[in-house]
Chemist: 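Sharing a structure below in structure tokens format, with a few things to ask.
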Amino acid sequence: MTLTRLSRQKQPSLFITVRFLTRHLSTSKLRDHYSFQPPPSLSLDTQKSKSNPNSHKRQKPKYRPPSSLDQIKPIYSDLPFDFRFSYTESSPTVRPIGLREPKYSPFGPGRLDREWTGVCAPAVDPKVKSLEGTEDPNLEAKRKLLRGRIQGAPLTEAERKFLVEKWRDGLTHNMLNDIHNHWKFAEAVRIKCLGVPTVDMKNVCKQLEDKTFGKIIQRHGGTLILYRGRNYNRKKRPVIPLMLWKPQEPVYPRLIKTTIDGLSIEETKEMRKRGLAVPALTKLAKNGYYGSLVPMVRDAFVVSELVRIDCTGFERSDYKKIGCKLRDLVPCILVTFEKEQIVVWRGQDYKPPEDGHFFTDREFFDDPGCDMERSDE
């Protein structure tokens, strides 16, 4: 009873004491002295009082990061060719035997109106055998029509020399979107090609002209000058959707067989040993220019049936691609890729090809009336 009464008697005094302290702190000079006072430039009242001359304009919405839940309208592109990750290192005529990953479109889910087949996004119905190199014949006619419409009248000799001298420095990357971005501010761009695609420079030039509708006006080694055309309109440039990641390469048939056609197992093993023992024709530099490799191999086959190319330091996939190009362009038979070497055999009945398939080291396109196909011949 005594303790209860004492506690009841002390409660009002405790409440009064706490209330007095809060009042004292709220009116204390220390709080006013150490509290933050914003400068006039950051004061809300000052900002509201200032007249904003652009207040009638619509305010830019705040940035919001993209989300997979957003409903994005698919991009439509009327470019008349299949979209591939690489147009020079892969061949549409070789059909893969399998895929290394599911058919996820590298353009992003639902961002492109074309279906991804695992290798390309075809311009026509993917049920057509586009992977076997067969395509709609109307696409080739459409490509020529678009290119002719953009190019207009051919360049004269004086105009070609002016562009070559003016645009010596510039683009060193061959992506289609980058080329069109540079064409906004320049009539021509300089493209420097290095690595595996330079084994077949004719294919590089053909793909650049075919996919950009431009015109190559000069070539020196792996350096090209690509002209956009007289009638090029940067406001009506084609829609080129960008890949968000690099897709995995599909599985292709083996390049090196257990036995070479026409030889037994023992003869194949003996040829591989002899091929690794012959002197190397050349040692390739990594990310170099290989435009003269095919003529060198052709010349070497005149005096030797086996040719070895040293690719020390290369990625295995790179010298395999080089060997695949040599097989098709020389032509020759692949023997082995062991010890970072490319060994090729000319075959039993070898005849040196007489076609002028390859460019000279330097080319000028002086004739205004000739196009790229005529200059190749």
Side-chain angles (χ1 to χ4, degrees), residues 66 72-90 92 105-108 111-114 116 120-124 135 139-155 159-160 162-195 197-198 201-219 222-247 365 371-373:
I72 301 176
K73 186 177 180 180
I75 299 175
Y76 171 75
S77 178
D78 58 350
L79 289 175
F81 56 85
D82 299 350
F83 292 158
R84 293 174 172 269
F85 178 77
S86 175
Y87 297 102
T88 56
E89 294 192 9
S90 61
S105 175
F107 300 98
R111 292 177 176 269
L112 185 64
D113 65 339
R114 300 186 183 185
W116 181 256
C120 66
V124 295
E135 61 177 11
L139 293 180
E140 181 64 26
K142 186 177 180 181
R143 283 197 290 264
K144 291 183 178 180
L145 180 63
L146 288 176
R147 185 164 178 265
R149 186 185 305 166
I150 294 173
Q151 284 297 310
L155 288 174
E159 291 173 331
R160 188 198 63 81
F162 172 77
L163 291 175
V164 171
E165 293 296 330
K166 185 176 181 180
W167 307 112
R168 289 281 182 186
D169 299 323
L171 185 66
T172 58
H173 196 272
N174 63 348
M175 295 299 293
L176 303 181
N177 190 63
D178 291 339
I179 291 175
H180 283 281
N181 288 339
H182 280 73
W183 274 347
K184 290 181 181 179
F185 313 102
E187 294 179 274
V189 293
R190 175 178 173 266
I191 302 175
K192 189 174 183 181
C193 305
L194 297 173
T198 60
M201 283 301 298
K202 181 178 181 180
N203 182 49
V204 173
C205 296
K206 179 182 177 182
Q207 294 296 335
L208 282 174
E209 290 193 340
D210 189 44
K211 301 304 185 292
T212 64
F213 308 111
K215 174 75 174 179
I216 295 177
I217 59 177
Q218 184 185 359
R219 186 192 70 86
T223 303
L224 313 171
I225 295 183
L226 187 64
Y227 173 60
R228 67 184 183 184
R230 292 183 186 273
N231 303 327
Y232 182 82
N233 188 349
R234 61 182 183 181
K235 295 182 180 179
K236 296 182 180 179
R237 53 172 287 181
V239 178
I240 302 177
L242 300 178
M243 289 190 180
L244 304 182
W245 63 83
K246 178 180 179 180
F365 303 91
D371 54 7
M372 191 63 195
E373 289 76 15

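These values consider heavy atoms only, across backbone and side chains, with no hydrogens, waters or symmetry-generated copies. For reference, positions follow the sequence shown, starting with 1.
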Chemist: Take Tyr232 and Glu187 through the side-chain contact (heavy atoms from CB on, under 4.5 Å) test and state the conclusion after the steps.
Modeler: CA-CA 9 Å; Tyr232 182 82; Glu187 294 179 274; over 6 Å; no
Chemist: Angle class for the Phe213/Phe81 ring planes (parallel below 30°, perpendicular above 60°, tilted otherwise)?
Modeler: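 Tilted: the ring planes of Phe213 and Phe81 meet at 30° to 60°.
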Chemist: Looking only at the side chains, is there a donor atom on one of Arg228 and Asn233 sitting less than 3.5 Å from an acceptor on the other?
Modeler: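 The criterion, which ignores hydrogens and geometry beyond distance, is not satisfied for Asn233 and Arg228.
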Chemist: Quick one: CD on Gln218 to CD1 on Ile225, what's the gap to the nearest 0.5 Å?
Modeler: 4.5 Å
Chemist: Is there a side-chain contact between Asn203 and Pro197 (heavy atoms, below 4.5 Å)?
Modeler: no
Chemist: I need the minimum non-hydrogen distance between Val189 and Ile179, along with the two atoms involved.
Modeler: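 Minimum heavy-atom contact is CG2-CG2, 4.4 Å.
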Chemist: Minimum heavy-atom separation for Leu112 and Ala121, please, with both atom names.
Modeler: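 Distance-wise, the nearest heavy atoms are CD2-CB, 4.2 Å.
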Chemist: Calculate, to the nearest 0.5 Å, the distance between atoms CG and CD1 belonging to Asn177 and Ile240 respectively.
Modeler: 5.5 Å
Chemist: Could you check if a side-chain atom of Pro238 sits within less than 4.5 angstrom of a side-chain atom of His180, using non-hydrogen atoms only?
Modeler: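 Yes. Closest side-chain heavy atoms under 4.5 Å.
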Chemist: Looking at every non-hydrogen atom in both residues, tell me the closest pair between Ala153 and Arg230 and how far apart they are.
Modeler: O-NE, 2.7 Å
Chemist: Mind checking the OH-CZ spacing from Tyr87 to Arg84? Nearest 0.5 Å is all I need.
Modeler: 8.5 Å
Chemist: Decide side-chain contact (heavy atoms from CB on, under 4.5 Å) for Ile75 and Val239; before the verdict, give the C-alpha distance in whole Å, the side-chain angles of both, and the deciding distance to 0.1 Å.
Modeler: CA-CA 8 Å; Ile75 299 175; Val239 178; 3.5 Å; yes
Chemist: Please report the shortest heavy-atom distance between Gly214 and Trp183, naming the atom on each side.
Modeler: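 Looking at all heavy atoms of both residues, the shortest contact is CA-CH2, 3.9 Å.
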Chemist: How long is the gap from CZ on Arg111 to CE on Met243, to the nearest 0.5 Å?
Modeler: 14.0 Å
Chemist: So Cys193 and Leu224, do their side chains get closer than 4.5 Å, heavy atoms only?
Modeler: yes
Chemist: Would you call Ile191 and Leu208 a side-chain contact if the rule is heavy atoms closer than 4.5 Å?
Modeler: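 They are in side-chain contact.
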Chemist: Between Phe85 and Phe83, is the gap from one ring center to the other below 6.0 Å?
Modeler: no
Chemist: Distance check, rounded to the nearest 0.5 Å: His182 atom NE2 versus Leu226 atom CG?
Modeler: 12.0 Å
Chemist: How close do Arg114 and Ser77 get, heavy atom to heavy atom, and via which atoms?
Modeler: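 Shortest heavy-atom separation between Arg114 and Ser77 comes out as NH2-O, 3.4 Å.
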Chemist: Is it true that the side chains of Asn181 and Arg234 contain a donor and an acceptor less than 3.5 Å apart?
Modeler: no
Chemist: I need the Ile216 CD1 to Lys206 NZ distance, nearest 0.5 Å.
Modeler: 12.5 Å
